[in-house]
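Owing to the predicted nature of the structure, the values given are computational and were not obtained by experimental measurement. Residue numbers count from 1 along this sequence. First listed ligand is number 1; within each ligand, the first listed atom is number 1.
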Amino acid sequence: MPDGMDVFKDLSKDMKRITVAIDGYSSCGKSTMAKELARYAGYVYVDTGAMYRAVALYAMERGIITREGIDEVRLAEVMPEIDITFAVQADGSQHTVLNGEDVEGRIRSLEVADGASRVSTIGFVRRALVERQQAMGREKGIVMDGRDIGTVVFPDAELKVFATATAEVRAERRCRELEEKGTPMPYEEVLANVRERDWRDSHRAESPLRRAEDARLLDNSTLTKEEQSAVLRQWFDETVNRG
Ligand code: DC
């Protein structure tokens, strides 16, 4: 290699853009870790759970999802009307935008989480959202979190992470978040909700939550945010530098 060319080789290594897929159970800090890694890498972050939540909100507001069930015929009709984007805020955080309206605050309730868990069992909803997610990741340089990113959306992702923590730890974290938002709920109720969603996410017929064979396991039950970040950054750097 002529003199100076090794510099270019190093630069091109730095510029290698990869796809990072982060999957795992609800409330195990996936989005915190995905956001943090995206900032570190200078990548785009996509929260796919927010997309299922936005579909649920849209359908709940129109009476398509009720306690009694889901009107799948009407949901299929309205799917093409649902436009979901993300708006970056001045502080760097992202808000979910549904047909031009910022719905970030409204999609985070337990009610919408429950609706999202239900719509996410429907094949045509998944296919429509997966297609949009794959389009968002076409250029790589993306960190996407969800349940099926490493298995279905980006099976060829260079770095796959499967995040987990015990149901009790996740329920405690969720309780704290709800309290901070001024909408506290009893721990037992939150724990039951976490368990129910785990069961539904991992037992549905369509793309159930499972660890991809080549995903690295990150159990953060006893890790601080800093320790978790350090692990992820190291995995990311190793993957990018592998060539
Ligand atoms: O991660 P979350 O709690 O915001 O996700 C909301 C619901 O959407 C959850 O029940 C699982 C579902 N989901 C999914 O099935 N596939 C994804 N890629 C992301 C979320």
In terms of atom number and element, which parts of ligand 1 are under 4.0 angstrom from non-hydrogen atoms of [X]?
X	result
R53	2 (P), 3 (O), 4 (O), 6 (C)
S117	10 (O)
S120	12 (C), 15 (O)
R197	3 (O)
T48	17 (C), 18 (N), 19 (C)

Taking C-beta and beyond as the side chain, do [X] and [Y] meet within less than 4.5 Å on heavy atoms?
X	Y	answer
R147	Y25	no
C175	V190	yes
I84	L129	yes
V240	I18	yes

Measure from atom 14 (C) of ligand 1 to every heavy atom in Q133, R147, M51 and give the option owning the shortest one. R147

Just go through A116, A56, S31, A50 and tell me whose heavy atom is the nearest to atom 7 (C) of ligand 1. A116

Nearest neighbour in protein (non-hydrogen) for atom 8 (O) of ligand 1: Y52 CB, 3.6 Å

Above 12 or not: heavy atoms from other molecules or residues under 6.0 Å from CD of E111? no

Charged N to carboxylate O below 4.0 Å: is that the case for R17 and E158? no

Under 3.5 Å: N/O of [X] near N/O of ligand 1:
X	answer
D145	no
R126	yes
D201	yes

Within 45 degrees of the axis of the six-membered ring of Y58 and under 6.0 Å from its centre: does R62 put its NZ or CZ there? yes

Go through the side-chain N and O atoms of N220 and R170 and say whether any donor and acceptor fall under 3.5 Å apart. no

Heavy-atom pairs closer than 4.0 Å: do any link ligand 1 to the side chain of E196, the backbone, both, or neither? neither

